[in-house]
Amino acid sequence: MDLLFQNLVNALSLGGIYALLALGLALVFSIMGLINFAHGELMTITAYGLILGAGLGLPFGAAVILGVALAGLAAMAMERIAFRPVRGASAATLLLTSFAVSAVLQVLFQNLIAARPLPVAVPRALAGTLDLGGLRVGVLPLATILGTGILLAALALVLRRTRVGIAMRAAAIDFQMTRLVGIRADAVIAAAFGLSGLLAGIAAVFWVAQRGSVDPMMGFLPVLKAFIAVIVGGLGSLSGAVVGAFLLAFIEVGLRALLPPELLPYREALALALIILVLLVRPQGLFGRRETVR
Amino acid sequence: MLEVTGLEVAYGAIRAVRGIDLRVGQGEIVALLGPNGAGKSSTLMAIMGVVPPRAGRIRLEGRDVSGLAPEALVRAGMALVPEGRRIFAPLTVTENLVVAAPPGRRRSELAADLEEMHALFPVLAERRTQQAGTLSGGEQQQLAIARCLMGRPRMVLLDEPSLGLAPQIVDQIFDLIAGLRDRGLTILLVEQNVDLSLEIADRGYVLVGGEMVLDGPAAALAASEGVERAFLGLSGA
């Protein structure tokens, strides 16, 4: 019972992080057809921002705000400098551009900051455990679940209730038509990038708190996972991205818990094999529309 | 109101529109007629800034608006109801309207605009919380027209509003379009339904193979055999 609960908590917190990342990827993809592989570098920027904040003597909360804001700004800068000039180009051009942005940032991190992992100080309170009526649970996973849950709910509210949120959803459905009802392409794309940056930044805080360190390549793995989640959920579908993220997290945590020790090294391969199985049954993803390919 | 001169549109080597002139006067309904593939939609897309024209000038109320982005043209007072309606199907009816309101509009003004659309299109009031994709074809066409009106345009371009609709619904939509003129709007109507278009239009143009082959008052066009011959492919009639 205890173990099951632990695993459930782990899966939910991992799924929450994947969901924030996947939502950012899906938002940008659905509006401008770009799969942004430089999304991971936004996480890395937030982690370095946490170190910078600590170096400036800021309390942890303020350092988090600094780190997340840096990711949001970096995302908008990325769009302005790298992606706007190739807007409307083929999917391959956009994809290669995002690889280039990712590579350039990684080299900059290596040469200007550090090639080796740097420790990120996290408040001691996050490392503790809580006793919930006999069930022991880590503070950090619990905070991750709460944090990501609240954020996802807030985001759903923004997308449903605010005019900029409705404009983003409309742009995700038919970008050209959104322009034809008078919405500025630059504004809605910048908003989508800014939002995806903030989401990546917040995901990074939870991710780094767990690892305790940051290196120039840190963002690659979680964003690769988020990308898989987006594909499983159905490219272009926002709710699909969230469902895909939690599905992937449950598969990963489930395999880690259930596999016999000698099979554990193959757990990633098995997880991906399950994902391939899902895609064999539904090539367009769980919530995908068949005509989303541009 | 709208003046197009020497407009050319090409997709690679394919010349869809070959240097046409077109004029829509204040308060007029002008029909742009022609068979499939004549270049009618390309003309509208070029006027709206969606497709960059290869040559030509577009003037709106005397101001040169050639090369402006679609969103800038909307702010300048133009609106397009596109072919196939292109409503945002997963969004609710109200969301479809709200998204088309200009960014600066206040909440109270927005509510008033929605009220006005509900009065003009009662069926949209009934269905306001429904997903737009669940509406019937005629209702979706009404939503597409209402959506374009949210921007308070002075010049409306309609692309094949009768396409795929049942005959009595088509009549209803054409009545609606005539009603828009009575509200002071200027309308450029692209249609394949020649008879109905010429009934409500003041003037008409006939486009064949990317070239303007005929133009004149609607009544004269309706009476002439030229339109019919143009549709049969006998250009230059």
Side-chain angles (χ1 to χ4, degrees), chain A residues 26-27 29-32 84-85 87-90 156-192 233-243 284-292 294, chain B residues 44-45 47-52 68-107 109-110 114 129 131-133 143-153 156-159:
Chain A
L27 203 58
F29 174 81
S30 55
I31 292 177
M32 69 174 282
R84 192 172 296 183
R87 195 187 291 167
S90 72
L157 213 61
V158 166
L159 288 174
R160 289 201 179 280
R161 291 290 156 83
T162 69
R163 291 184 57 194
V164 63
I166 296 172
M168 269 194 259
R169 278 161 64 217
I173 297 161
D174 186 342
F175 183 59
Q176 194 182 69
M177 192 60 228
T178 313
R179 300 185 71 184
L180 282 169
V181 297
I183 290 178
R184 281 179 47 224
D186 290 347
V188 75
I189 289 180
L235 258 178
S237 162
L238 301 184
S239 38
V242 174
V243 173
Q284 73 275 34
L286 297 170
F287 291 74
R289 290 165 292 176
R290 274 186 184 277
E291 67 279 6
T292 45
R294 295 176 196 212
Chain B
L44 289 194
M45 287 310 204
I47 293 174
M48 266 327 275
V50 175
V51 179
L68 287 189
E71 57 263 40
L73 287 163
V74 171
R75 259 172 290 139
M78 274 219 278
L80 171 70
V81 179
E83 185 177 353
R85 307 181 275 272
R86 287 171 69 177
I87 52 154
F88 302 111
L91 268 50
T92 66
V93 168
T94 300
E95 284 171 341
N96 266 274
L97 296 176
V98 167
V99 82
R105 192 146 302 173
R106 285 206 210 94
R107 202 165 269 275
E109 281 180 290
L110 183 60
L114 285 175
T129 59
Q131 276 198 343
L143 176 58
I145 294 172
R147 180 179 63 181
C148 102
L149 295 180
M150 287 297 287
R152 294 184 188 161
V156 175
L157 316 178
L158 289 149
D159 197 353

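Computed from a prediction, not measured in an experiment: that's the story for all the values here. Here is how names work: the chains are called A, B, and so on, in the same order as the sequence lines, proteins then strands, and each is numbered from 1.
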J.: Indicate yes or no for a side-chain donor-acceptor contact from B/Glu95 to the backbone of A/Ile166 under 3.5 Å, with no hydrogens or angles considered.
T.: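 No, the answer is negative, given that no donor and acceptor are paired below the 3.5 Å cut-off.
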J.: Which distance, rounded to the nearest 0.5 Å, do you find between the CD1 of A/Ile173 and the CG of B/Asn96?
T.: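 Rounded to the nearest 0.5 Å, the CD1-CG separation comes to 7.5 Å.
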J.: Which residue, B/Glu71, B/Arg86, B/Arg147, forms the side-chain contact (heavy atoms from CB on, under 4.5 Å) with A/Val181?
T.: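 For A/Val181, the side-chain contact (heavy atoms from CB on, under 4.5 Å) test succeeds with only one of B/Glu71, B/Arg86, B/Arg147, which is B/Arg147.
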J.: For the CZ atom of B/Arg107 and the CZ atom of A/Arg163, what is their distance to the nearest 0.5 Å?
T.: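 Nearest 0.5 Å value for the CZ-CZ distance: 8.5 Å.
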J.: Got a second to check how far B/Thr92's OG1 is from A/Arg160's CZ, nearest 0.5 Å?
T.: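 Spacing of OG1 (B/Thr92) from CZ (A/Arg160) equals 9.0 Å.
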J.: Looking at B/Leu73, B/Leu110, B/Val74, which makes the most heavy-atom pairs under 4.5 Å with chain A?
T.: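 Answer, by heavy-atom pair count under 4.5 Å with chain A: B/Val74.
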J.: Give, as side chain, backbone, both or neither, the part of A/Ala187 having an atom under 4.5 angstrom from any heavy atom of chain B.
T.: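 Neither part.
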J.: Could you walk me through whether B/Met48 and A/Leu180 pass the side-chain contact (heavy atoms from CB on, under 4.5 Å) test, one step at a time?
T.: CA-CA 8 Å; B/Met48 266 327 275; A/Leu180 282 169; 3.9 Å; yes
J.: Which of the residues B/Ala79, B/Gly49, B/Ala89, B/Ala101 is involved in the greatest number of heavy-atom pairs with chain A at under 4.5 angstrom?
T.: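 If we count pairs closer than 4.5 Å to chain A, B/Ala101 comes out on top.
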J.: When only pairs under 4.5 Å are counted, which of B/Cys148, B/Pro102, B/Gly151 shares the most heavy-atom pairs with chain A?
T.: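 Looking at each option in turn, the highest pair count goes to B/Pro102.
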J.: Determine the minimum heavy-atom distance between B/Phe88 and A/Asp174, stating which atoms define it.
T.: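 B/Phe88 and A/Asp174 have their closest heavy atoms at CE2-O, 3.7 Å.
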J.: Which heavy-atom pair separates B/Val99 from A/Ala167 by the least distance, and what is that distance?
T.: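 Of all heavy-atom pairs spanning B/Val99 and A/Ala167, the closest is CG2-CA, 3.6 Å.
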J.: What closest approach, in Å, do B/Ala69 and A/Arg179 show between heavy atoms, and which atom pair accounts for it?
T.: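 For B/Ala69 versus A/Arg179, the nearest heavy atoms are CB-NH2, 3.5 Å.
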J.: Any chance you could measure B/Arg75, atom CZ, to A/Arg184, atom CZ, to the nearest 0.5 Å?
T.: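 Output value for this atom pair is 6.5 Å.
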